[in-house]
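Just below is one structure, and these are the notes that go with it.
To find a chain, count down the sequence lines: A is the first, B the second, and so on, and within it residues start at 1.
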There are 2 protein chains.
Amino acid sequence: MSQQRTDSSASPVFPDLPEATVARLPEYLRALHGLAQEGHDTVSSEGLATAAGVNSAKLRKDLSHLGSYGTRGVGYDVALLITQIEAVLGLTKHRKVALVGIGNLGHALAGYGGFASRGFSVAALFDAERSQIGERIGTLVVRHIDELAEVVAAEGISIGVIATPARAAQQVADQLVGAGVTSILNFAPCVLNVPSGVDVRKVDLAVEMQILSFHEHRKALTALPVPPEQPAGEATGS
Amino acid sequence: MSQQRTDSSASPVFPDLPEATVARLPEYLRALHGLAQEGHDTVSSEGLATAAGVNSAKLRKDLSHLGSYGTRGVGYDVALLITQIEAVLGLTKHRKVALVGIGNLGHALAGYGGFASRGFSVAALFDAERSQIGERIGTLVVRHIDELAEVVAAEGISIGVIATPARAAQQVADQLVGAGVTSILNFAPCVLNVPSGVDVRKVDLAVEMQILSFHEHRKALTALPVPPEQPAGEATGS
DNA sequence: CGCGATTTGTGCGTGCGTTCACAAACGCAT
DNA sequence: ATGCGTTTGTGAACGCACGCACAAATCGCG
Ligand SMILES: NC(=O)c1ccc[n+]([C@@H]2O[C@H](COP(=O)([O-])OP(=O)(O)OC[C@H]3O[C@@H](n4cnc5c(N)ncnc54)[C@H](O)[C@@H]3O)[C@@H](O)[C@H]2O)c1
Ligand SMILES: NC(=O)c1ccc[n+]([C@@H]2O[C@H](COP(=O)([O-])OP(=O)(O)OC[C@H]3O[C@@H](n4cnc5c(N)ncnc54)[C@H](O)[C@@H]3O)[C@@H](O)[C@H]2O)c1
């Protein structure tokens, strides 16, 4: 009981933070870490926006949504802003991740340092193939998928990463959800059905490539098929 | 209505196709391939929308933007729609990809079959480390980054994938652009500056994880701190 | 202490994207 | 041929997001 109202710097709750803003906060955080590394104590919205690759007005509005602490005429305190954003994103609490599907991609993910550098730790690896079980990667050992529920409960894992073939992804997702996982990052190219309350994010390489392909196609079509309609045109160049 | 001449398989140009639509077309394409595999000749917007995980009205509007050929009362011809979308995305033309940074992630990408299954082929691998140069992965050999311009020109490569550490990414991007690459997929967690006319898409694992973290955080905060304000509450279940 | 330079926070207009809802179009049975 | 059920294509309303532009706030300095 006693929901202490945490007037000071406790976990703030932002139920109505725009999703577009949430998606940009990690970018700001990365840019801020870079600035801190370079010794900056404060940064203007313009400077931070440039480092994050966004419009400065958008950045200011984003930060204003979380009641940010900037100082007019000066800018934002880098260290304070890092703390604030990390609190909003819930990065103060270390979150454990289960990685399922230790194949081509799974091996790369398992050895990736980008998890730990933020507030995440890969706590367990799972696969279905006997040949993979028991393999040691870093400090972890690949376990059989049947142990998932047990390990998730024991380790307090809340996030699952799916790196299995697409045909196995839905079943794995079901198992993750059944084990108590409430967030899933899916690398398999397929849609996942999960109960409400479970968040799924998808990373699909093929989709990204095809979007690039479209723009390549468009560039090729708009650049070439503009033949000299008016051959009498004057200065066509510079 | 007013479908202009049905120049059967000519390349349609859609300069003003909404970006949100473009981003969903690959999903539709994947869903359509799955339906075709299952033997479906036609599919309703409702069925395809379900398979792609979107709203059916949104799907119909998306398809209408590319003057699609559906039949009222029946649905869409699966094979025809595949052809149409592939034409719009420019997938009829095979596109060659250069992969730079053959480390942890680069190895996984180099061996990934998802490229070839769509219209892409990894045509060259590059790294800067002597220890990597010369390694054979599949049918390709890792080459030194200094050969990039030469190989890109010789092979007709138009897309570059960056899988180097973040500190090297901007330099690699500059080299890619200098070599004539006009589309870049960036896995390094940093912003890239490129000239206009070059498209960059970014895949950032850490960002995805942090977005999931936010929702975990929010779920934890909104679930717990709702103490029995009204102890006389009735059915709270389901 | 006051003033100017600087930068934040935000009100507001605009455009994009999503969704509803329905008329038009189509196949099929009779 | 006609009517009926089905499904597409789209007009219209709505909401979100973006970015401009400016008032308010703060600092430094004379
Ligand atoms: N390799 C890449 O670069 C890459 C890139 C983007 C997306 N993907 C996607 O990621 C997924 C994995 O790709 P990959 O190249 O690592 O494939 P992979 O075949 O090398 O690895 C898949 C692994 O999943 C395991 N697996 C299969 N069914 C399982 C189950 N029910 N439970 C647990 N584990 C199971 C397999 O034993 C295997 O080890 C695929 O869906 C692929 O489309 C891969
Ligand atoms: N490993 C993952 O699962 C993963 C996931 C998401 C994102 N990433 C990101 O992808 C990138 C690569 O990750 P990784 O784990 O493969 O790192 P890695 O260190 O294993 O591989 C990086 C490779 O890039 C090469 N390289 C360095 N500078 C280069 C240059 N100037 N030109 C050409 N090659 C160069 C290195 O020699 C090395 O082989 C990183 O930015 C990382 O943050 C990795």
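Atom NE2 of B:H65 is separated from atom P of D:dG11 by 10 Å (rounded to the nearest Å). One atom, CG of B:L66, and another, P of D:dT8, lie 14 Å apart when rounded to the nearest Å. Here the P atom of nucleotide C:dC26 and the CG atom of B:D77 are 15 Å apart, to the nearest Å. Atom OH in A:Y69 sits roughly 17 Å away from atom P in D:dA25 (whole-Å rounding). Per the geometry, CG belonging to B:L59 stands 10 Å off P belonging to D:dG9, to the nearest Å. Residue B:L63 contributes atom CG, which lies 16 Å from atom P of D:dT7 at whole-angstrom precision. Rounded to whole Å, atom P of C:dG17 lies 10 Å from atom CG of B:L17. The distance from atom CD of B:E46 to atom C1' of D:dG5 is 16 Å, rounded to the nearest whole Å.
For the residue pair A:Y28 / A:D62, a side-chain donor-acceptor distance below 3.5 Å is found, with atom types taken as modelled. Side-chain atoms of A:E38 and A:H33 include no donor-acceptor pair closer than 3.5 Å.
Between the side chain of B:K61 and the base of D:dG9, no donor-acceptor pair of N or O atoms lies under 3.5 Å.
Here the side chain of A:R72 is nearest to one of D:dA17, C:dT19, D:dT26, namely D:dT26. Closest contact between the side chain of A:A20 and the listed nucleotides D:dA17, C:dG17, D:dC27 involves D:dA17. For B:K58, counting side-chain heavy atoms from C-beta on, the closest listed nucleotide (D:dT8, C:dG11, C:dT19) is C:dT19.
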Trace of the side chain to side chain donor-acceptor pair (under 3.5 Å) decision for A:T182 with B:E216: CA-CA 7 Å; A:T182 46; B:E216 282 291 308; 2.5 Å; yes

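Within 4.0 Å of A:T21, counting heavy atoms only, lies no atom of the nucleic acid at all. Looking at heavy-atom distances under 4.0 Å, A:A57 makes contact with a base.
Contact annotation: B:S45 side-chain N/O to D:dT7 OP1/OP2 distance is not under 4.0 Å. A close approach under 4.0 Å does occur between a side-chain nitrogen or oxygen of A:N55 and OP1 or OP2 of D:dC20. For the pair B:Y76 and D:dG9, the criterion of a side-chain N or O lying under 4.0 Å from OP1 or OP2 is met. OP1 or OP2 of C:dT18 lies within a sub-4.0 Å distance of a side-chain N or O belonging to B:R24.
Going from atom OH of B:Y76 over to atom CD1 of B:I82 covers 14.5 Å, rounded to the nearest 0.5 Å.
Nearer the 5' end of DNA chain D, as judged by each residue's closest nucleotide, is the contact made by A:P18, out of A:P18 and A:G73. Along DNA chain D, the nucleotide closest to A:R60 and the one closest to A:E19 are compared, and the more 5′ of them pairs with A:E19.
Checked for salt-bridge contact, A:K202 and B:E27 meet the test: a charged N lies under 4.0 Å from a carboxylate O.
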